[in-house]
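Reminder, nothing fancy here: chain letters follow the sequence lines and each chain counts from 1.
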2 protein chains.
Amino acid sequence: MDVTVSHAEADCRGVSEILSRVGDKWTIQVVVSLRLGARRFNELKRQVGGISQQMLTRTLKTLERDGLVDRTVHHSTPPQVQYTLTPLGHSLSETVRQLAEWAVMHRGAIEDNRLQYDASGKLQAFPT
Amino acid sequence: MDVTVSHAEADCRGVSEILSRVGDKWTIQVVVSLRLGARRFNELKRQVGGISQQMLTRTLKTLERDGLVDRTVHHSTPPQVQYTLTPLGHSLSETVRQLAEWAVMHRGAIEDNRLQYDASGKLQAFPT
DNA sequence: CGGAATCCTGCGAGATACTG
DNA sequence: CAGTATCTCGCAGGATTCCG
């Protein structure tokens, strides 16, 4: 591996990986939910809405593995498991918030563009 | 502004959508490549590396549809098609760059966490 | 050269049922 | 309550071939 390559390329792959991780269907919503405070499993499940427990488990495990969330088990009856963001997770959520702002700000423009594009005779060129 | 916490949920969906769009396997790399200037189809294909022409076509079409890139056809021989970022596309690329910086900065930490996690006896808990 | 059309495959992800 | 285990299906995405 040659370190001399313009690291823009190498960086790009790293970024893509992070974006893929963060850009999957549920990660963001879980992180956003956790930003507001610690949650338990079913609390998250309810708050995220639409997620299956399978995917919630996977998402949380991945996040835990990456050191973005913390998992704490309380051996009570009934058993409780608390999830919280780690500092690293918080810093990510901050960064994501900026992208979120961009999204909120330009969402309308994007939708307008789509309508125009679809109306300009390229309808069949875009199978939704 | 966004004093009311309630619409955070609606925003979240919008953000998820943007993130999904931007977080797919190729979009970012194409955008990053276009940040440096206009490109032609096969130029992009070479520069991105590993992308099939199918996916490049799709990615570009989606980006064009969203108003993030501009497509200009020059009817010469051989025909040339130039792709450039629109202002909207540039503004997105700026925002993404910040996420990119986060990624580059914390990539190491994340990988460390993974190694630790995998080494802490939960190996089989993580198939991949 | 810049695509479009077609075929094929693996993985993301939902539903359901079972366990501790 | 907090998961794990299967089964299934859709679709992102690769390879290949054809077209203007």
dG3(D) OP1/OP2 closer than 4.0 Å to side-chain N/O of Lys61(A): no

When the distance from CE of Met55(B) to P of dT16(D) is rounded to whole Å, what number comes out? 17 Å

Using heavy-atom distances to pick each residue's nearest nucleotide on DNA chain C, tell me which of Gln53(A) and Gln80(B) is more 5'. Gln80(B)

Please report the distance, rounded to the nearest Å, between CZ in Arg39(B) and C1' in dG3(C). 20 Å

Taking donor-acceptor contacts at under 3.5 Å, does the side chain of Gln54(B) reach the base of dT16(D)? no

Can you check whether Thr27(B) reaches Leu63(B) side chain to side chain, under 4.5 Å on heavy atoms? yes

Can you tell me if the side-chain N/O atoms of Tyr83(A) get under 4.0 Å from OP1 or OP2 in dC1(D)? no

What residues, two or more places apart in sequence or in another chain, satisfy side chain to side chain donor-acceptor pair (under 3.5 Å) together with Arg114(A)? Glu17(B), Asp66(B)

Once pairs are restricted to Watson-Crick or G-U wobble with both distances under 3.5 Å, how does DNA chain D read as a dot-bracket string, [ ] for crossings and | for other-strand pairs? |||||||||||||||||||.

Could you give the CD1-to-P distance, from Ile51(B) to dG14(D), as a whole number of Å? 7 Å

Can you check the Arg71(B) CZ to dA4(C) C1' distance for me, whole Å? 12 Å

Thr62(A) side chain near Thr59(A) side chain, heavy-atom distance below 4.5 Å: no

Which nucleotide sits closest to the side chain of Phe41(B): dA2(D), dA13(C), dG2(C)? dG2(C)

How many Å lie between CD on Glu43(A) and P on dA2(D), as a whole number? 8 Å

Less than 3.5 Å between a donor and an acceptor, one on the side chain of Arg40(B) and one on the base of dG2(C), is that the case here? no

Hey, which sits more toward the 5' end of DNA chain D by its nearest nucleotide, Val81(A) or Gly50(B)? Val81(A)

Are any side-chain N or O atoms of Glu43(A) and backbone N or O atoms of Arg40(A), one a donor and one an acceptor, separated by less than 3.5 Å? yes

Find which nucleotide of DNA chain C each of Ser52(A) and Thr57(B) is nearest to by heavy atoms, and output the residue with the more 5' nucleotide. Thr57(B)

With a 3.5 Å distance limit and no angle check, can you tell me whether Thr86(B) reaches the backbone of Leu68(B) through a side-chain donor-acceptor pair? yes

Expressed in angstrom and rounded to an integer, what is the separation of Arg58(A) atom CZ from dG12(C) atom P? 7 Å

Using atom CG of Asp24(B) as one end and atom C1' of dG14(D) as the other, report the distance to the nearest whole Å. 15 Å

What is the distance, to the nearest angstrom, from the CD atom on Glu64(B) to the C1' atom on dG2(C)? 13 Å

Would you say the side chain of Glu64(A) lies within less than 4.5 Å of the side chain of Asp70(A), judging by non-hydrogen atoms? no

So which pairs with a foot in residues 26-52 of chain B pass ring pair (Phe, Tyr, Trp, His ring centres under 6.0 Å), sequence neighbours left out? none

On the nucleotide dG3(C), are OP1 or OP2 found under 4.0 Å from the side-chain N or O atoms that Lys45(B) carries? no

